Protein chains: 2
Amino acid sequence: MIRILLADDEHLIRGAMAALLALEDDLEVVAQAATGEQALSMARALRPDVAVIDLQMPGVDGVSVARTLTDELPGCRTMIVTSHGRPGHLKRALAAGVRGFLPKTVSADVLATVVRTIHSGGRYVDPQLAAEAISAGDSPLTPREADVLELAAEGAPVEEIARRAALSPGTVRNYLSSAVGKTGAANRHEAVRIARGQGWI
Amino acid sequence: MIRILLADDEHLIRGAMAALLALEDDLEVVAQAATGEQALSMARALRPDVAVIDLQMPGVDGVSVARTLTDELPGCRTMIVTSHGRPGHLKRALAAGVRGFLPKTVSADVLATVVRTIHSGGRYVDPQLAAEAISAGDSPLTPREADVLELAAEGAPVEEIARRAALSPGTVRNYLSSAVGKTGAANRHEAVRIARGQGWI
DNA sequence: GCTAGCCCATGACATTTGTCATCGAAAGAC
DNA sequence: GTCTTTCGATGACAAATGTCATGGGCTAGC
């Protein structure tokens with residue numbers, strides 16, 4: 001019997017996925033978490049065999065949870081499911097020790113199969129996502145550029161970004177200009193869109 | 001027995017919800033659709049009692065499907081489930097004849113209960129969403145302002161927006177300025193964010 | 001020890017954006 | 001028939017943004 005921890009902030013989806021996994025004879029959902037923090041404390045207490053984690057959750061996101069889990073509970077294999085599969089997310093997830101990565105567009109038996117695969121030590125990444133990730137290449141942005149671009153994502157003026165990043169306005173504009181150049185965008189807002197699409201921020 | 005049509009582009013979610021609804025004795029999922037078009041043709045062929053439709057789908061979106069359904073099949077009650085419950089979406093959905101509106105954060109038995117409620121002629125809107133929708137008020141944007149703001153959402157410069165909207169650049173800037181004022185934003189990009197958050201665009 | 005790359009900053013410049021006043025045409029409300 | 005609103009446009013001005021050159025401090029690689 002494979003013991004599973006399920007983490008997803010959407011109650012309906014979580015419950016539904018649990019119902020679905022429960023249909024399999026060899027799978028058992030032993031815990032359901034609605035946030036990253038909950039997932040971690042439940043995992044520590046119950047030590048599941050496999051953790052199925054949603055990528056986007058309020059608070060601690062899926063990749064961070066996966067990283068902590070790989071560190072603290074090496075016996076617990078982690079996999080990510082997500083609605084928005086960006087190349088960058090996949091890379092970060094793999095770097096965090098995630099063994100499986102699936103978009104939510106896959107069918108139910110793929111999910112069950114992948115749970116079994118990674119439980120027995122294998123890995124599985126959605127083929128289409130894998131192809132995109134390979135062709136996409138790494139992020140050209142330096143850490144600081146990514147930071148600043150992220151702050152710019154909300155549409156804040158340079159002044160505010162500068163305050164929030166504790167930088168001078170001129171420096172912010174330099175970073176943004178550089179990010180715009182690297183993404184091939186016409187302005188910072190298009191740069192944000194492109195970086196988002198690639199999962200760079 | 002209540003016969004249900006399920007439409008959601010995410011295979012896993014759709015299958016999981018179907019598994020969950022199948023656990024109820026009086027509910028039966030008779031069709032599953034991955035797109036709006038599919039949902040419509042399946043509904044015409046099978047005439048379900050209740051259609052449970054995801055708001056965001058590729059191609060025809062949930063509200064449009066609901067509108068067509070209410071026109072063509074008055075016997076079929078429709079309800080919307082969604083990950084992103086914006087006040088504006090709720091209003092558009094109700095205007096389209098939708099009887100139930102739920103975020104995906106609700107629990108499974110709420111879903112089943114609401115299916116039964118709307119099947120017996122009732123209505124159900126998530127209380128929190130309802131409160132937001134009421135306090136939010138209607139969109140203050142004129143149709144044209146909303147158009148232009150939508151084009152601006154991709155981060156394109158005024159020149160391009162003007163070309164795509166067949167307007168003069170000056171006019172575009174006037175509309176944007178007006179939209180910025182109405183949303184209380186500091187610039188057009190924040191205006192886009194706000195309007196998105198309210199479901200105005 | 002040199003070099004390269006990232007980090008942070010300043011100053012100068014051209015371009016883009018945001019704002020405002022003003023105008024005319026068309027449509028709907030009263 | 002007049003009033004109001006929306007749509008569309010122009011011109012002008014101030015403010016924000018994008019770009020570039022330049023410089024110094026720091027770290028890592030060779």
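All chains are named by letter (A, B, ...) in the order of the sequence lines, taking the proteins before the strands, and each is independently numbered beginning at 1. Owing to the predicted nature of the structure, the values given are computational and were not obtained by experimental measurement. Quick note: numbers below take in every heavy atom, side chains included, and nothing from hydrogens, waters or symmetry partners.
Applying the side-chain contact (heavy atoms from CB on, under 4.5 Å) test between A:Ile13 and each of B:Thr105, B:Val81, B:Ile13 identifies B:Ile13 as the sole match.
Note on A:Thr142: every side-chain N or O is 4.0 Å or more away from OP1 and OP2 of C:dG5. Residue B:Thr171 places at least one side-chain N or O under 4.0 Å from the OP1 or OP2 atom of D:dA9. Look at A:Arg173 and you won't find any side-chain N or O under 4.0 angstrom from OP1 or OP2 of D:dT19. Contact between the side-chain N/O atoms of A:Ser177 and the OP1/OP2 oxygens of D:dG18 is not found at any separation under 4.0 Å.
Nearest-nucleotide positions on DNA chain D place B:Glu145 closer to the 5' end than the other of B:Asn187 and B:Glu145. In terms of position along DNA chain C, the nucleotide closest to A:Lys182 lies nearer the 5' end than the nucleotide closest to the other residue of the pair A:Lys182 and A:Ser168.
When the C1' atom of D:dT17 is taken as reference, atom CZ of B:Arg188 falls 11 Å away, rounded to whole Å. The distance from atom CG of A:Leu176 to atom P of C:dC7 is 14 Å, rounded to the nearest whole Å. Look at OH on A:Tyr175: it is 18 Å from P on D:dC20, rounded to the nearest Å. One interatomic measurement links the two molecules: CD of A:Glu190 to P of C:dT16, which rounds to 14 Å at whole-angstrom precision. Separating the CG atom of B:Leu149 from the P atom of D:dC7 is a distance of 14 Å, rounded to the nearest angstrom. Put simply, NE2 on A:His189 is 14 Å from P on D:dA16, counting in whole angstrom units. A straight line from CD1 of A:Ile161 to C1' of D:dG18 spans 13 Å, rounded to a whole angstrom.
In this structure, B:Ile118 CD1 and B:Thr113 OG1 are separated by 12.0 Å, a value rounded to the nearest 0.5 Å.
Distances were taken from every side-chain heavy atom of B:Arg144 (C-beta onward) to each of D:dC7, D:dT17, C:dC8; the shortest belongs to D:dC7. The side chain of A:Val158 lies closest to D:dT17, out of D:dT17, D:dT6, C:dT10. Nearest nucleotide to the B:Leu167 side chain, out of D:dC7, D:dG18, D:dA9: D:dA9.
For the helix from C:dG1-D:dC30 to C:dC30-D:dG1, the rotation axes defined at the first and last 5 base pairs enclose an angle of 40°, given to the nearest 10°.
Other residues, nucleotides and ligands contribute at most 12 non-hydrogen atoms within 6.0 Å of the CD atom of B:Glu159.
Between the side chain of B:Asn174 and the base of C:dC20, at least one donor-acceptor pair of N or O atoms lies under 3.5 Å.
B:Arg164 has a carboxylate O that lies under 4.0 Å from a charged side-chain N of B:Glu160, or vice versa, which qualifies the two as a salt bridge. Ionic pairing of A:Arg86 and A:Glu132 is not present here: no N-O contact between side-chain nitrogen and carboxylate oxygen is shorter than 4.0 angstrom.
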Trace of the side chain to side chain contact (heavy atoms under 4.5 Å, CB included) decision for B:Arg99 with B:Arg77: CA-CA 7 Å; B:Arg99 320 282 297 226; B:Arg77 309 278 157 76; 4.1 Å; yes
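Listed by first and then second residue, the salt bridge (charged side-chain N to carboxylate O under 4.0 Å, His left out) pairs involving residues 47-57 of chain B are B:Asp54-B:Lys104 (not counting sequence neighbours).
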